[in-house]
K.L.:
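Just passing along the structure, written as structure tokens.
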There are 2 protein chains.
Amino acid sequence: MRRTPVGRQTRARGIPEATVARLPLYLRALTALSERSVPTVSSEELAAAAGVNSAKLRKDFSYLGSYGTRGVGYDVEYLVYQISRELGLTQDWPVVIVGIGNLGHALANYGGFASRGFRVAALLDADPNVVGSTAAGLPVRHMDELESIVAGQHVSIGVITTPPGAAQQVCDRLVEAGVTSILNFAPTVLNVPDGVDVRKVDLSIELQILAFHEQRKSGEEPEEGPIEEPPVRERTPGPVRAAAAKLRRAAGGKDTKGDSDRQAVLPA
Amino acid sequence: MRRTPVGRQTRARGIPEATVARLPLYLRALTALSERSVPTVSSEELAAAAGVNSAKLRKDFSYLGSYGTRGVGYDVEYLVYQISRELGLTQDWPVVIVGIGNLGHALANYGGFASRGFRVAALLDADPNVVGSTAAGLPVRHMDELESIVAGQHVSIGVITTPPGAAQQVCDRLVEAGVTSILNFAPTVLNVPDGVDVRKVDLSIELQILAFHEQRKSGEEPEEGPIEEPPVRERTPGPVRAAAAKLRRAAGGKDTKGDSDRQAVLPA
DNA sequence: TAGATTGTTAATCGATTAACAATC
DNA sequence: TAGATTGTTAATCGATTAACAATC
């Protein structure tokens, strides 16, 4: 366990992860208020804008310090600054994107990137046909340059948008080169040494979670197959694969969903 | 609170959200094992492949039922089927993608989409210049067709990849048309009625969370400015905006990071 | 039977929430 | 002062984890 020193003055270190994950949401809402020149905001209003409840917001802010004024609310600009600083956004974060396919392209063009301290230091790809093209005005450079770019530009954050098969290998090279934070879009579990953070963004997982809940909305219980035979449970493992796969394919045809009314969220 | 009936036979309903979110990870690891024709796997092995610890995995599986064999492990094919069914992946999920910019394009081409029951029913865009082009072999259709497509193809899942300004409006139309699950890539908080699920994928938020931890790794405490004056706390809100913004810009220049050794994860 | 591994219990930890005293 | 709203407390809830009895 890494132990960070306790704050010298007021605040104790150790902001809960759940709070850290919400700070960007608050910051976004505050930035919108700031652009509308709103001077102050209450926890109730800000919470509504960020999509959380106000008790949670106040608790979250209490980890940062006492930045509000009782009876009044929070000063928008002041809070924007405090949260930005807490998140480390008052400094510049050069980022490399590895794998310039469709997704890498999309990310390179993503506006929100530059807006908050993040700067695309380089786009990298292993494919000679891609290297030399440009994306978002930047040249795509060859993977061979990874190490020198990371070292030369002090890059500590890498984004992986390669095919899944290449992700671990790319990750290893990034870490070896000195990157200590990785945002992984490839559907792969990455193994990294201690001290390296990995976060993942996974479309497929998100869709599957939605499907889980959707299935329940349409009134379907996935427990036992309603009419069809439930797949035979093979107690003795061994040559059961083919049979099980067959069962799975057969079960794939089942679909009571097409009949249900799309509008009815909770049909009887 | 929605109350689902208790399972008729063995299992009680109500799988914890944290467990649901991990089922796709297990499924992916199991699918890889299945492709390698591995017949059985222990909780220890599977947990390692999925990047969790084995106690958690066994607890998770215990919510689904008793699908393992003591002393042996889990039958890979059988478990693939059970988890697929639990997640609702044994049925077909038509999906619409709204907003065919860089990201929408990338998603349309995403292979993992089709692999697990999800099928792109339509690509939609409001821009006449984009409508009629093709992405991933599918024609981009106009937003006007949204309602008829959702109704006609029983679409219950929508993916929003529009600019942030259009997201809520698109969301409203999707919900009105009958969509009850939304995956939102736009950096906007979406308001939806009860019964509609929203999940969000937000690059900017993920990067900010990484930056937070990265800042701590480089030994920097964001508490009080080390040398610079901490920004003046204006107690009386009002015309403080300009001053605070100025302070914020000034503080942006501060950067002790460039000096630190990229390799040293925990410098003293 | 002996060895292996699951499924479950119980303890612990972290996050959420309502309520309200403090205070502007 | 009266009204409003923060910051904090304490209760509750949900998730994680180690340990081990059950059992293949």
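Note that these values count all heavy atoms, side chains included, but never hydrogens, waters or copies made by symmetry. Lettering follows sequence order; numbering is per chain, from 1.
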K.L.:
What is the distance, to the nearest angstrom, from the CG atom on Asp60(A) to the P atom on dA15(C)?
P.N.:
10 Å
K.L.:
Once ring pair (Phe, Tyr, Trp, His ring centres under 6.0 Å) is applied, what residue pairs with a partner in residues 20-57 of chain B remain, sequence neighbours excluded?
P.N.:
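Ring pair (Phe, Tyr, Trp, His ring centres under 6.0 Å) check on residues 20-57 of chain B returns Tyr26(B)-Phe61(B).
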K.L.:
Going by number, which of residues 48-55 of chain B have a non-hydrogen atom under 4.0 Å from DNA chain D?
P.N.:
Asn53(B), Ala55(B)
K.L.:
Any donor-acceptor pair under 3.5 Å linking the side chain of Thr31(A) with the backbone of Leu27(A)?
P.N.:
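Yes, Thr31(A) side chain to Leu27(A) backbone: donor-acceptor pair under 3.5 Å.
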K.L.:
Would you confirm whether the ring centroid of Tyr67(A) sits within less than 6.0 angstrom of the ring centroid of Tyr78(A)?
P.N.:
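Distance test on ring centres: under 6.0 Å, yes.
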K.L.:
Quick one: list whatever passes side-chain hydrogen bond (donor to acceptor under 3.5 Å, both in side chains) with Thr188(B), sequence neighbours left out.
P.N.:
none
K.L.:
Which residue pairs pass the salt bridge (charged side-chain N to carboxylate O under 4.0 Å, His left out) test with at least one member in residues 35-54 of chain B, sequence neighbours excluded?
P.N.:
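Qualifying pairs: none.
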K.L.:
Among all residues two or more places apart in sequence or in another chain, which pass the side-chain contact (heavy atoms from CB on, under 4.5 Å) test with Asn191(B)?
P.N.:
Gln168(B)
K.L.:
If you find the nucleotide of DNA chain C closest to Phe61(B) and the one closest to Glu17(A), which residue's nucleotide is nearer the 5' end?
P.N.:
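It is Phe61(B), whose closest nucleotide lies nearer the 5' terminus.
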K.L.:
Of all residues at least two apart in sequence or in a different chain, which pass the salt bridge (Lys or Arg N to Asp or Glu O under 4.0 Å) check with Asp197(B)?
P.N.:
Lys217(A)
K.L.:
Run the side-chain hydrogen bond (donor to acceptor under 3.5 Å, both in side chains) test against Arg70(B) and tell me which residues pass, sequence neighbours left out.
P.N.:
none
K.L.:
Does Arg58(A) have any salt bridge (Lys or Arg N to Asp or Glu O under 4.0 Å) partners at least two apart in sequence or in another chain, and if so, which?
P.N.:
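For Arg58(A), no residue satisfies salt bridge (Lys or Arg N to Asp or Glu O under 4.0 Å) once neighbours in sequence are set aside.
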K.L.:
Want to know the stems of DNA chain D: at least 3 consecutive Watson-Crick or G-U pairs with distances under 3.5 Å, which are they?
P.N.:
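If one scans DNA chain D for consecutive Watson-Crick or G-U pairs, the stems found are C:3-24 with D:3-24.
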K.L.:
Please list, for nucleotides 4-6 of chain D, all pairs of protein and nucleotide N/O atoms separated by less than 3.5 Å.
P.N.:
{"residue": "dT5(D)", "atom": "O4'", "partner": "Gly71(A)", "partner atom": "N", "Å": "3.1"}
{"residue": "dT5(D)", "atom": "O2", "partner": "Gly71(A)", "partner atom": "N", "Å": "3.4"}
{"residue": "dT6(D)", "atom": "OP1", "partner": "Ser43(A)", "partner atom": "N", "Å": "2.5"}
{"residue": "dT6(D)", "atom": "OP2", "partner": "Ser43(A)", "partner atom": "OG", "Å": "2.5"}
{"residue": "dT6(D)", "atom": "O2", "partner": "Arg70(A)", "partner atom": "NE", "Å": "3.0"}
{"residue": "dT6(D)", "atom": "O2", "partner": "Arg70(A)", "partner atom": "NH2", "Å": "3.4"}

K.L.:
Name every residue in residues 21-29 of chain B that has at least one heavy atom under 4.0 Å from any atom of DNA chain D, in order of residue number, or write none if there are no such residues.
P.N.:
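Hits under 4.0 Å, by residue number: Arg22(B).
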K.L.:
Residues in side-chain contact (heavy atoms from CB on, under 4.5 Å) with Pro187(A), at least two apart?
P.N.:
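Per chain and number, Pro187(A) pairs via side-chain contact (heavy atoms from CB on, under 4.5 Å) with Pro164(A), Asp202(A), Arg28(B), Tyr110(B).
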